[in-house]
Amino acid sequence: MASAVSAHPPDGLKRVAARAKGHAPRYLEAMNPEQRQAIEALDGPILVLAGAGTGKTRVLTARIAHLLAQGRARPYEILAVTFTNKAAREMQQRAAMLVGPAAEAMPWLGTFHAISTKILRRHAELAGLKPSFTILDTDDQLRLLKQVLQAENIDDKRWPARALASYIDSWKNRGLDAAHVPAAEAAAFANGKGAALYKLYQERLKTLNAADFGDLLLETLRIFRENPSVLMLYQERFRYILVDEYQDTNAAQYLWLRILAQGRRNVCCVGDDDQSIYGWRGAEVGNILRFESDFPGAKIIRLERNYRSTGHILKAASALIAHNEGRLGKTLFTDGGMGEKPAVTGAWDCEEEARTIGEEIEQLQAKGHALDEIAILVRASFQMREFEERFITLGLPYRVIGGPRFYERAEIRDALAYLRCVAQPADDLAFERIFNLPKRGLGDAALQLVNNYARRARIPLMQAAQALTETEELKPKQRQALRGLLADFSRWASLTGNKPHSELAEIILEESGYIDMWRKERTADAAGRLENLKELVRSMEEFPGLGAFLEHVSLVMDAASNDAGDRVSIMTLHAAKGLEFETVFLPGWEEGLFPHQRSIEDQGRAGLEEERRLAYVGLTRARRRVRIYFAANRRIHGLWQTTLPSRFLEELPADHVEVRDAAAGSAYGNYAQSRFANSGRYESRYETPGWQRARRRAEEAGEADLWPRPERSRRTVQIEGELIARSSAGSAFAKGARVFHTKFGPGTVAAADGNKLTVDFDKAGRKMVLESFVEAC
DNA sequence: CATTCGAGCTTTTTT
DNA sequence: AGCTCGAATG
């Protein structure tokens, strides 16, 4: 996204234009009337409400093709914004398939952040930055905030930097600068210092010549607002604006978009209010609802014909999402057959869940099902581990999408810090990071000296360090070490022009001793880290220069995974948006996990509705087969918790869902007699501390109706005693029993709660332990 | 100044 | 349960 692409009209443009003269152009083939309308209505504001699987991306790319073919715009006159890098990449690729190389010459196709960066670099001075400003990621941001808090003598135990970071983030998401922070919110942090700290942070950013993610948008917006001539430039240039996933835009992005679109008013937004799943990041569904009033005379086109899923899946998904209030409302339909019903299966715990899914996948594979066409979509990334472990033992090839991000690993960030110091000698945060890494005898005290010097002289750290080596302030040994480091840096800097940058990176990592540091480390993961570093150097080769590489890294936080081949995909529901698979497995449909407890606690009903949309996204990823699972027990923060089946299961229409028993011989058998839950079986679960706590909190928040009380839910059927035997009454250890724990030694049981025991140990005192960790004695 | 050990906190999702 | 951060110790 960083590469400045040449703007010469490419050959592809002419080819497409020529083709358009004959019969209907290729990009209009097989489009239904609504889709055609959305593609061909070029003038004025348009909102396309595109349900899941209705060909949204096809329409967007075809629209680009149409604009080019009609000669309405040159590739560089179209602004096409997406929300994620993945979406940007996909649009780029699919546009390239339609119009050939012309799509590659679309310099203004990218994420909000990438495009903003491009604009901001051109006009950086207007925002008090130099064009070479660095982009801070979350990690840098946090360290900077810690410094600010420290400088202000604020106890970062009581007021953690993380909390301030999330405040600032949400302010930036809403387009607020320090002067406009609502008083109530500013008061919430550090006794009212919130806004002042925000201001200080911004000042620090400016002196560091740096911007965080939020700034990329906010500063660009500010430039537009304060410099009409600059704004005009871009309003004129962008003859046509296209926005993907419009439901995900936050207030800042919305303002950014609106100010640009007010020029020519040729703006086409595509979105689906039912798939808005980024509310926690400040996305406002309201933006989509407000479209008509912002752009009077806007045309609204609904795409409701679903080309992806079979009937039962679509019915199930539609019934589920119908539980949400405040939707624009669409009715998806398909001409295809009803197909298989989504199946719901209960498991005893997450291990059994993974085992069952593993077996089902093997069966599908035996029938010739491609693994590429199978996905496991989880709510939270910690769920992935269980599947990975299971698939490794089965030898089932899989790929994790999302996962721990490559560029966020410590060793990668360290290596990048070295590169940043070379490319950008004023990058103080990077310099601080590697100042004593590997260890070179320069500790906190030394860093403090450099810092003080730098502040006094108002120069970057690296320069201050240089100056310090000329004085007597440091101990001789340290002075020597620092001299060595600085000499290294100037030598590496002198190599920048001469050597290929990947080679330079290798030299730096080798000569700095950083690689050696890991080689000497005898821990299990050291080898993996060295591999990652190799991978980093290798991936650099794809970029024209060090600067371009660093820019890419800061904007695209994930590395292209090159694990090609036929594999099962494991990813979060968020990562799955926009994808489709033949078969989709949806594990972990339990209260507290999905819907996630936090989302309800933080956002109440709005949070619950967002979770439901997430479920809707999950269901609608499948073309033919959906398998939903829930586990009766799950380990959360190391403690086993009994869980309730998700309320979403009850919201699925009985006619379109098949309820299955878990695999034969399973520890946790059929749950299904009374359909989903709320039978006596789960009664005891309401007594677990977790559940009680959740309910109490919900009630305090005035959301009692989201957390049904047992009296209300307890209806019908009492089946067998198995579960009860497993839960509160069922501990193998009664109060007063003597037990032995491998770590704490002998003790006496003070209380038993499910499989958790409170034990008074003879030596260690009172502890809460898991039943499975103790033996009777 | 570096290393080691324990306490406490964490786990939603992403640019 | 696993990790990060801070205090205590060499």
Side-chain angles (χ1 to χ4, degrees), chain A residues 1 81-88 110-117 135-139 141-142 146 156-157 160-163 166 169 172-173 211-218 245 248-250 252-253 276-283 377-385 401-405 407-408 410 436-448 474-475 477-478 481 525 552-558 571-577 588 592-603 607 610-611 613-614 617-618 634-640 743 768-770 772-773:
Chain A
M1 242 124 294
V81 241
T82 66
F83 195 64
T84 63
N85 291 301
K86 210 170 63 185
T111 63
F112 277 100
H113 294 267
I115 290 169
S116 283
T117 306
I135 300 168
L136 300 192
D137 61 22
T138 333
D139 210 70
Q141 195 186 359
L142 217 54
K146 270 184 192 153
D156 67 346
K157 276 264 163 53
R162 278 177 169 283
S166 74
D169 243 31
K172 287 187 174 176
N173 281 339
D212 65 16
F213 281 123
D215 284 343
L216 297 177
L217 286 158
L218 217 51
E245 307 279 17
D248 287 331
T249 50
N250 63 33
Q253 290 162 334
S276 164
I277 55 177
Y278 286 101
W280 52 274
R281 240 187 84 183
L377 308 182
V378 298
R379 174 66 241 269
S381 45
F382 76 84
Q383 293 172 262
M384 294 179 179
R385 223 178 90 188
I401 297 174
R405 316 261 223 92
Y407 292 121
E408 273 170 14
N436 193 27
L437 194 84
K439 300 262 186 300
R440 42 176 78 92
L442 298 168
D444 279 350
L447 183 59
Q448 209 46 252
L474 286 167
K475 288 186 211 138
K477 254 196 181 152
Q478 296 184 317
D525 54 340
H552 169 85
V553 169
S554 53
L555 285 173
V556 183
M557 291 299 293
D558 56 341
M571 67 186 99
T572 63
L573 285 159
H574 284 86
K577 193 163 71 154
L593 177 60
F594 192 37
H596 201 283
Q597 196 157 314
R598 276 265 286 269
S599 77
I600 294 180
E601 277 167 22
D602 297 352
Q603 311 270 349
E610 180 153 316
E611 295 286 303
R613 291 193 290 269
L614 210 42
V617 167
R634 192 170 289 274
R635 201 163 38 189
I636 300 166
H637 314 320
L639 280 178
W640 285 96
K743 200 163 154 199
M768 187 96 98
V769 297
L770 288 186
S772 51
F773 285 174

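Excluded from the calculations below are hydrogen atoms, water molecules and symmetry mates; all remaining heavy atoms, backbone and side chain alike, are included. Naming convention: chains lettered A, B, ... in sequence-line order (proteins, then strands); numbering from 1 in each chain.
- The distance from atom CG of A:L216 to atom OG1 of A:T117, rounded to the nearest 0.5 Å, is 4.0 Å.
- The CG atom of A:L142 sits 13 Å away from the P atom of C:dT4 (whole-angstrom rounding).
- Sequence order on DNA chain B of the closest nucleotides to A:L447 and A:A380 puts A:L447 first from the 5' end.
- Taking every heavy atom of both residues into account, A:I135 and A:S554 meet most closely at CD1-OG, 3.7 Å.
- Ring stacking holds between A:W280 and B:dT13, with the centres under 5.5 Å apart and the planes within 30 degrees of each other.
- A:F112 comes within 4.0 angstrom of no nucleic acid atom, judged by non-hydrogen atoms across all strands.
- Residue A:Q141 is out of contact with every strand shown, counting any heavy-atom pair closer than 4.0 Å.
- In this structure, CG of A:L136 is placed 17 Å from P of B:dT15, rounded to the nearest angstrom.
- Between the CZ atom of A:F213 and the P atom of B:dT14 there is a distance of 13 Å, rounded to whole Å.
- Under 4.0 angstrom from either OP1 or OP2 of B:dT15 there lies no side-chain N or O belonging to A:Q253.
- The CG atom of A:D212 lies 10.0 Å from the CG atom of A:D137; values are rounded to the nearest 0.5 Å.
- In this structure, A:N173 contributes its side chain and A:R281 its backbone to a donor-acceptor pair below 3.5 Å.
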Please list, for nucleotides 8-10 of chain C, all pairs of protein and nucleotide N/O atoms separated by less than 3.5 Å.
none

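- Closest to the side chain of A:S381, from the set B:dC1, B:dT15, B:dT13, is B:dT13.
- Regarding A:D169, its CG atom lies at a distance of 14 Å from the C1' atom of B:dT13, rounded to whole Å.
- Whole-Å rounding puts the A:D139 CG to C:dC5 C1' distance at 14 Å.
- Set against B:dC1, B:dA2, B:dT15, the side chain of A:A446 has B:dC1 as its closest nucleotide.
- With rounding to whole Å, A:R635 atom CZ is found 7 Å from C:dA1 atom P.
- Taking side-chain N and O atoms only, A:T82 has no distance below 4.0 Å to OP1 or OP2 of B:dT15.
- A straight line from NZ of A:K172 to C1' of B:dT14 spans 16 Å, rounded to a whole angstrom.
- Each of A:D444 and A:H113 was matched to the nucleotide of DNA chain B holding its nearest heavy atom; the match closer to the 5' end belongs to A:D444.
- Between A:N436 and the phosphate of B:dA2, there is a side-chain N or O to OP1/OP2 separation shorter than 4.0 Å.
- Listed nucleotides B:dT11, B:dT15, C:dC5 differ in distance to A:R162; the shortest reach to its side chain belongs to B:dT11.
- Interatomic distance, CZ of A:F112 versus CD of A:Q253, reported as 4.5 Å (0.5 Å rounding).
- Comparing B:dT11, B:dT14, C:dC5 by their nearest atom to the side chain of A:F382 picks out B:dT11.
- For A:R598, taking side-chain heavy atoms from C-beta onward, the closest of the listed nucleotides B:dC1, B:dT11, B:dT15 is B:dT11.
- Put simply, CZ on A:R613 and OG on A:S276 are 4.5 Å apart, with the number rounded to the nearest 0.5 Å.
- In this structure, CG in A:L593 is found 13.0 Å from CZ in A:R598, a value given to the nearest 0.5 Å.
- Listed by chain and number, the residues in a side-chain hydrogen bond (donor to acceptor under 3.5 Å, both in side chains) with A:D248 are A:K577 (sequence neighbours excluded).
- The side chain of A:K439 lies closest to B:dT3, out of B:dC1, B:dT13, B:dT3.
- Atom CG of A:L437 is separated from atom C1' of B:dC1 by 15 Å (rounded to the nearest Å).
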